[in-house]
Amino acid sequence: MAHDPWQEVEAEAQRLVAAAEDARKLPRTPPRFEEPPEGMGDLAVPTFAYAKAARKAPPEIARELAGAMPASPWFPKVEAAGGYVNFHINAAKLADATLRAVAERGDDYGFLPPNGKRLLLEHTSVNPTGPLHVGRARNSLIGDALARLLRMGGYEVTTEFLVNDIGRQMVLLAWGVEHVPESELEPPERDRDDYRLTRNYQAANARTEADPTLNRQIESMIYRLEHGDATLTQEIHGIAERILAGIRATLARLDIHFDSFFWESDLILGGKIEPVKERMLALPQVGEEGGSYFIDLAPYGVQGRNTKWFFVRKDGTSLYPTRDIAYHLDKFARCDEAIVVLGENHRLESTQLRIALKLLNARKDVEPVFYSYVSLPEGKMSMRKGVAVFVDDLIDEAVARAHTEVSKRREDLSEDRKRAIAEFVGVGALRYNIARVQAEKKITFRWDEALNFEGDSAPFLQYAHARACGILAKAGTAAKADPSALTQPAEVRLVKVLARLPSVVADCAANRRVHPLAAYAYALAVQFQRFYEDCPVLTADEPVRSARLAVVAATRTALGNALRGLGLAAPEEM
RNA sequence: GGACGGGUGGCCUAGCUUGGAUAGGGCAGCGGUCUCCUAAGCCGCAGGUCCCGGGUUCAAAUCCCGGCCCGUCCGCCA
């Protein structure tokens, strides 16, 4: 475990506790280490749990346990304090282990060894009917950060965007493109196909609402599409491709890119739907109602007004569930684990899908990661009502505000340099604001909060990284570091944070959560800033200078990797 | 009606899976701090019924039960 210093520390403490338990004839209790209050050590083991069996007071047990603890080079001091046994760590040894781990792993410090698993992560998957708006972008931001995090966690990750190019919405879009002339449309907000074509989509929506007879046209188009009409499929595919190009351009600005695009129409053209439909129809759980088919999910824990999950229409065409199942079976053949990022409104649907996959004896399950929607102070975002914030506008605003800040703070820089900094600061602020919060929290979008550049924000983290780089750039080559030269509280505390990165990554990857990594990166930046105030590096005498330089270098690596894991730029100056 | 998610100082948020020592942070507010590696920083002050009520426990923000509030879903739509 040379790559994970903190793991090494806990393993050693665990060994000591077990030995002490045996010596005192206490039952082996897998210790859950806690962090004691400041100044009371580094690891704490509560002894309350032993009290009943031992029939002794916790403080007494703590004293006995502490006394029975074998000597260890890791913990020069183990003491009882109330009902706790507190371990004081050997700071020099931890520094040595941490700096060695960073040296051994190099730029990969914090990356876990490859676990050999192919993980398919689906995210974003918006219907290509218009530009990306802020509500949906949370999906992309969470998905992309998760992909980066899981790569750090040792997975071989493929990100995939499911392009829906066969639904009613897409037919409507195609109809709008064909039947609504440019002369009847307002000028587009931006000169790009996603902005241009979404006007046709909105117009088509408005017209079908006003004139229900149009629905027959639309329905016949849907029918043709679902029966593999190659010409129509091609046409819609082409339109979707143009809008998707716009969406991809927006995402690219956020540094979000996909490894794979899966076109839903390929399921139909590839004949993947029919076999799945047949397999489903053969299930004993299937019911029939007026020529249509469903699975009653009530026995599987689904409750509500209607537990019937229809997958075949009375005209024999497949419904979305069938295609979703076919898609997932296809996914499963291409990976070892499948994750999909979904909005909270898809919770039930996801449960239904997973039950169906199980009934079909699918070889894998799909793991959903849910997030709540982003609303505006004035209420819900809605494309149809035009109450939405486009991601492009959000990015522009973020970058503009960042540019104002950079100009204020760095008059010495060239305009090109300021623009470059403004770009990663603005985009970083946006990304971090989503990444730092638990996905299940609903968010009310406020400009001032989304574009905060101080305190717990991306620029703060980036600034810490830039400062570390600044010191290293001026330092020249350093002598070999002697970890025992690190004795100041600020530098010792920084080392302790540095030691934790691999454990944090492991925890995040296992739980499929990115926000603890954000919290870690912030804690690391905070500790580095304090170190920066308290511990001069370049002007220090040897051997302190070299030791501190090694800590700064380790910080650059660890913080840089944490930043990149969150999808944020790790700048050398700002 | 049912299911699921959230509810932590004025605002935002961590901690909840695995119960433990004064509930961590940030923003906004107030006060300090640039002859010294970038002040997007650092230091300090102030601010809390952890939604409410029961229960379990030596110990509950955390677990259990019952409410309340907010959100989401329960289409032969996708």
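In what follows, every chain begins at residue 1, and chains take the letters A, B, ... in the order their sequences are listed.
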Peer 1: Applying a 4.0 Å non-hydrogen cut-off, can you work out what A:Met40 is touching in the nucleic acid: base, sugar-phosphate, or nothing?
Peer 2: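 Counting heavy atoms under 4.0 Å across all strands, the contact made by A:Met40 includes a base.
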Peer 1: For the pair A:Glu219 and A:Arg216, find out whether any cationic side-chain nitrogen is under 4.0 Å from an anionic carboxylate oxygen.
Peer 2: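 Judged by the 4.0 Å cut-off on N to carboxylate O distance, A:Glu219 and A:Arg216 do not form a salt bridge.
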Peer 1: What's the closest nucleotide to the A:Gln303 side chain, out of B:rG2, B:rA78, B:rA21?
Peer 2: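 For the A:Gln303 side chain, the nearest candidate turns out to be B:rG2.
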Peer 1: Of the nucleotides B:rA78, B:rA40, B:rG75, which has the atom closest to the A:Phe310 side chain?
Peer 2: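 Given the options B:rA78, B:rA40, B:rG75, the side chain of A:Phe310 is closest to B:rG75.
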Peer 1: Nearest to the side chain of A:Phe48, which nucleotide is it out of B:rA40, B:rG25, B:rC58?
Peer 2: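 Among the listed nucleotides, the one closest to the side chain of A:Phe48 is B:rC58.
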Peer 1: Mind checking A:Gly304 for me? I need base, sugar-phosphate or nothing, with any heavy atom below 4.0 Å counting as a touch.
Peer 2: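 Touches a base.
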Peer 1: Just compare B:rA39, B:rA40, B:rG26 and give me whichever is closest to any side-chain atom of A:Tyr522.
Peer 2: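 Nearest listed nucleotide: B:rG26.
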Peer 1: Rounding to an integer number of angstrom, what distance separates B:rA21 and B:rC50 when you compare their P atoms?
Peer 2: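 The same atom, P, in both gives a distance of 15 Å.
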Peer 1: Just checking, A:Arg347 and A:Phe370: is the charged tip under 6.0 Å from the six-membered ring centre and within 45° of the axis?
Peer 2: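 Geometry flag: set, cation within 6.0 Å and 45°.
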Peer 1: Just how far, in rounded Å, is P of B:rG41 from CG of A:Asp534?
Peer 2: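 Checked: the CG to P distance equals 16 Å.
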Peer 1: Check whether any side-chain nitrogen or oxygen of A:Arg530 sits under 4.0 Å from OP1 or OP2 of B:rC43, and answer yes or no.
Peer 2: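 Looking at the OP1 and OP2 atoms of B:rC43, one of them is under 4.0 Å from a side-chain N or O of A:Arg530.
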Peer 1: Which value, in whole Å, describes the distance between the C1' atoms of nucleotides B:rU38 and B:rC42?
Peer 2: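 Pairwise C1' distance, B:rU38 against B:rC42, rounds to 13 Å.
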Peer 1: Does A:Lys442 place a side-chain N or O at less than 4.0 Å from the phosphate oxygens OP1/OP2 of B:rG5?
Peer 2: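 No.
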Peer 1: Pick base, sugar-phosphate or nothing for A:Tyr463, based on heavy-atom distances below 4.0 Å to the nucleic acid.
Peer 2: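 Result for A:Tyr463 = base.
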Peer 1: Report which part of the nucleic acid A:Lys408 touches: base, sugar-phosphate, or nothing (heavy-atom distance under 4.0 Å, all strands).
Peer 2: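 It contacts nothing in the nucleic acid.
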Peer 1: Would one find a side-chain N or O of A:Lys52 under 4.0 angstrom from OP1 or OP2 of B:rU57?
Peer 2: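 For A:Lys52, the contact criterion (side-chain N or O under 4.0 Å from OP1 or OP2 of B:rU57) is not met.
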Peer 1: Just how far, in rounded Å, is C1' of B:rC74 from CG of A:Leu353?
Peer 2: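 The distance from CG of A:Leu353 to C1' of B:rC74 comes to 16 Å, rounded to the nearest Å.
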Peer 1: Side-chain donor or acceptor of A:Arg305 under 3.5 Å from a matching atom on the base of B:rG2?
Peer 2: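 Check fails, no donor-acceptor contact within cut-off.
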Peer 1: Between B:rA40, B:rA78, B:rG25, which one does the side chain of A:Val425 approach most closely?
Peer 2: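 Nucleotide nearest to A:Val425's side chain: B:rA40.
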Peer 1: Does A:Leu348 reach a base, just sugar-phosphate, or nothing at all? Heavy atoms under 4.0 Å.
Peer 2: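 Touches sugar-phosphate only.
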Peer 1: Identify whether any heavy atom of A:Ala49 sits under 4.0 Å from a base atom; if not, whether one sits that close to sugar-phosphate; answer base, sugar-phosphate or nothing.
Peer 2: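 Answer is base: heavy atoms of A:Ala49 come under 4.0 Å of a base.
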Peer 1: Only one of A:Val552, A:Leu486, A:Val551 clears side chain to side chain contact (heavy atoms under 4.5 Å, CB included) with A:Leu494; which?
Peer 2: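 Answer after filtering A:Val552, A:Leu486, A:Val551: A:Val551.
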Peer 1: Both distances under 3.5 Å, Watson-Crick or G-U wobble: report the partner of B:rC63, or none.
Peer 2: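 Paired with B:rG55.
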Peer 1: Could you tell me how far apart A:Phe460 (CZ) and B:rC27 (C1') are, to the nearest whole angstrom?
Peer 2: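 Rounding to the nearest Å, CZ of A:Phe460 and C1' of B:rC27 are 14 Å apart.
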Peer 1: Just one of A:Asp330, A:Asp266, A:Asp324 clears the salt bridge (charged side-chain N to carboxylate O under 4.0 Å, His left out) bar with A:Lys272, so which one?
Peer 2: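 That would be A:Asp330; it is the only one of A:Asp330, A:Asp266, A:Asp324 passing the salt bridge (charged side-chain N to carboxylate O under 4.0 Å, His left out) with A:Lys272.
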Peer 1: Select from A:Arg513 and A:Ile166 the residue whose nearest nucleotide in RNA chain B is closer to the 5' end of that strand.
Peer 2: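 Going by which nucleotide is closer to the 5' end, it is A:Arg513.
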Peer 1: Distance check, rounded to the nearest 0.5 Å: A:Ile166 atom CD1 versus A:Glu264 atom CD?
Peer 2: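 The CD1 atom of A:Ile166 sits 4.0 Å away from the CD atom of A:Glu264.
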Peer 1: Under 4.0 Å, heavy atoms only, any strand: does A:Pro516 hit a base, just the sugar-phosphate, or nothing?
Peer 2: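 Counting heavy atoms under 4.0 Å across all strands, no contact is made by A:Pro516.
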Peer 1: NA contact type, A:Arg410, heavy-atom cut-off 4.0 Å: base, sugar-phosphate, or nothing?
Peer 2: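 Result for A:Arg410 = base.
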Peer 1: Can you check the distance between B:rA40 and B:rC52, where both ends of the measurement are the P atom (answer in whole Å)?
Peer 2: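 Approximately 41 Å lies between the P atom of B:rA40 and that of B:rC52.
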Peer 1: A:Glu440 side chain: which of B:rG6, B:rA78, B:rA40 is closest?
Peer 2: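 It is B:rG6.
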Peer 1: Using atom C1' in both nucleotides, what's the gap between B:rG15 and B:rU33 to the nearest angstrom?
Peer 2: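 It works out to 32 Å between them.
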Peer 1: Would you measure the distance from the P atom in B:rU17 across to the matching atom in B:rC65 and give it in whole Å?
Peer 2: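 B:rU17 and B:rC65 have their P atoms separated by 15 Å.
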Peer 1: Can you find a donor-acceptor N/O pair under 3.5 angstrom joining the side chain of A:Lys441 to the base of B:rC12?
Peer 2: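 No.
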Peer 1: If B:rC36 has a Watson-Crick or G-U wobble mate with both distances under 3.5 Å, name it; if not, just say none.
Peer 2: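 Check on B:rC36: unpaired, no WC or wobble geometry under 3.5 Å.
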Peer 1: Using the P atoms only, state how far B:rG67 lies from B:rA60, rounded to an integer number of Å.
Peer 2: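 24 Å, rounded to whole Å.
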Peer 1: With side-chain contact (heavy atoms from CB on, under 4.5 Å) as the criterion, how do A:Tyr327 and A:Arg323 come out once you've worked through the C-alpha distance, each side chain's angles and the decisive distance to 0.1 Å?
Peer 2: CA-CA 6 Å; A:Tyr327 172 48; A:Arg323 295 200 294 277; over 6 Å; no
Peer 1: If you look at every strand shown and take non-hydrogen atoms under 4.0 Å, does A:Val406 touch a base, only sugar-phosphate, or nothing?
Peer 2: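 Base, at least one base atom sits under 4.0 Å.
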Peer 1: Between A:Asn452 and B:rG26, is there a contact of a side-chain N or O with OP1 or OP2 at under 4.0 Å?
Peer 2: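 A:Asn452 to B:rG26 OP1/OP2: no side-chain N or O under 4.0 Å.
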Peer 1: Would A:Leu501 and A:Leu517 count as a side-chain contact (heavy atoms from CB on, under 4.5 Å) if you check the C-alpha gap in whole Å, the side-chain angles of each, and the deciding distance to 0.1 Å?
Peer 2: CA-CA 8 Å; A:Leu501 178 60; A:Leu517 181 61; 4.2 Å; yes
Peer 1: Of the candidate nucleotides B:rA78, B:rU38, B:rC16, which contains the atom at the shortest distance from the side chain of A:Glu226?
Peer 2: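 Comparing B:rA78, B:rU38, B:rC16 against the side chain of A:Glu226, the answer is B:rA78.
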Peer 1: Which nucleotide in the set B:rA14, B:rA78, B:rA21 lies at the smallest distance from any side-chain heavy atom of A:Gln438?
Peer 2: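 When the side chain of A:Gln438 is considered, B:rA14 is the closest of B:rA14, B:rA78, B:rA21.
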Peer 1: In terms of side-chain heavy atoms of A:Gln169, which of B:rA78, B:rA40, B:rC12 is nearest?
Peer 2: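 For A:Gln169, the side-chain atoms sit closest to B:rA78.
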Peer 1: Is a donor-acceptor contact shorter than 3.5 angstrom present between the side chain of A:Asn86 and the base of B:rA21?
Peer 2: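 When only heavy-atom distances are counted, A:Asn86 does reach the base of B:rA21 through a donor-acceptor pair under 3.5 Å.
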Peer 1: Let's see if you can work this out: which of B:rA21, B:rA14, B:rA40 has an atom nearest to the side-chain heavy atoms of A:His515?
Peer 2: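 So the nucleotide nearest the side chain must be B:rA14.
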Peer 1: Quick one: does NZ or CZ of A:Arg138 land under 6.0 Å from the six-membered ring centre of A:Tyr371, within 45 degrees of the ring axis?
Peer 2: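 Because its charged atom misses either the 6.0 Å distance or the 45° angle limit, A:Arg138 does not stack over A:Tyr371.
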Peer 1: Contact class for A:Glu533 vs. all strands (heavy atom < 4.0 Å): base, sugar-phosphate, or nothing?
Peer 2: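 Base contact - A:Glu533 has a heavy atom under 4.0 Å of at least one base atom.
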Peer 1: What's the gap between B:rC63 and B:rC70 when it is taken at their C1' atoms, as a whole Å value?
Peer 2: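 Going atom to atom, C1' in each nucleotide, I get 24 Å.
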Peer 1: Need one value for A:Ala475: base, sugar-phosphate or nothing, where a base atom within 4.0 Å counts as base even if backbone is also close, heavy atoms only.
Peer 2: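 Contact class for A:Ala475: none.
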Peer 1: To the nearest angstrom, how far is A:Tyr532 atom OH from B:rC36 atom P?
Peer 2: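 Result: 11 Å.
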Peer 1: Between B:rU72 and B:rA28, how far apart are the P atoms? Round to whole Å, please.
Peer 2: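 Result for the P pair: 31 Å, nearest Å.
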Peer 1: Remember a base hit wins even if backbone is also touched, and classify A:Phe370 as base, sugar-phosphate or nothing at under 4.0 Å, heavy atoms.
Peer 2: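 It contacts nothing in the nucleic acid.
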Peer 1: Nearest-nucleotide wise, let me know which of A:Glu38 and A:Pro321 is further upstream toward the 5' end of RNA chain B.
Peer 2: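 The residue mapped nearer the 5' terminus is A:Glu38.
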Peer 1: Counting Watson-Crick and G-U wobble pairs only, both distances under 3.5 Å, name the nucleotide matched with B:rG29, or none.
Peer 2: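 Partner of B:rG29: B:rC45.
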Peer 1: Does any donor atom in the side chain of A:Glu397 or A:Trp447 lie under 3.5 Å from an acceptor atom in the other side chain?
Peer 2: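 Distance-only check fails for A:Glu397 and A:Trp447.
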Peer 1: Please classify the glycosidic conformation of B:rC64 as syn (within 90° of 0) or anti (everything else).
Peer 2: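 Anti conformation here, the glycosidic angle of B:rC64 being more than 90° from 0.
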Peer 1: Under 4.0 Å, heavy atoms only, any strand: does A:Val302 hit a base, just the sugar-phosphate, or nothing?
Peer 2: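 No contact.
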Peer 1: Scan every strand shown for a Watson-Crick or G-U wobble partner of B:rC4, both distances under 3.5 Å, and answer none if you come up empty.
Peer 2: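 B:rC4 is paired, partner B:rG71.
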Peer 1: Does the side chain of A:Gln285 come under 3.5 Å of the side chain of A:Tyr300 through a donor N or O and an acceptor N or O?
Peer 2: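 Result is yes, a qualifying pair exists.
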Peer 1: Does A:Ala523 reach a base, just sugar-phosphate, or nothing at all? Heavy atoms under 4.0 Å.
Peer 2: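 Nothing: the residue A:Ala523, judged by heavy atoms under 4.0 Å, touches no strand.
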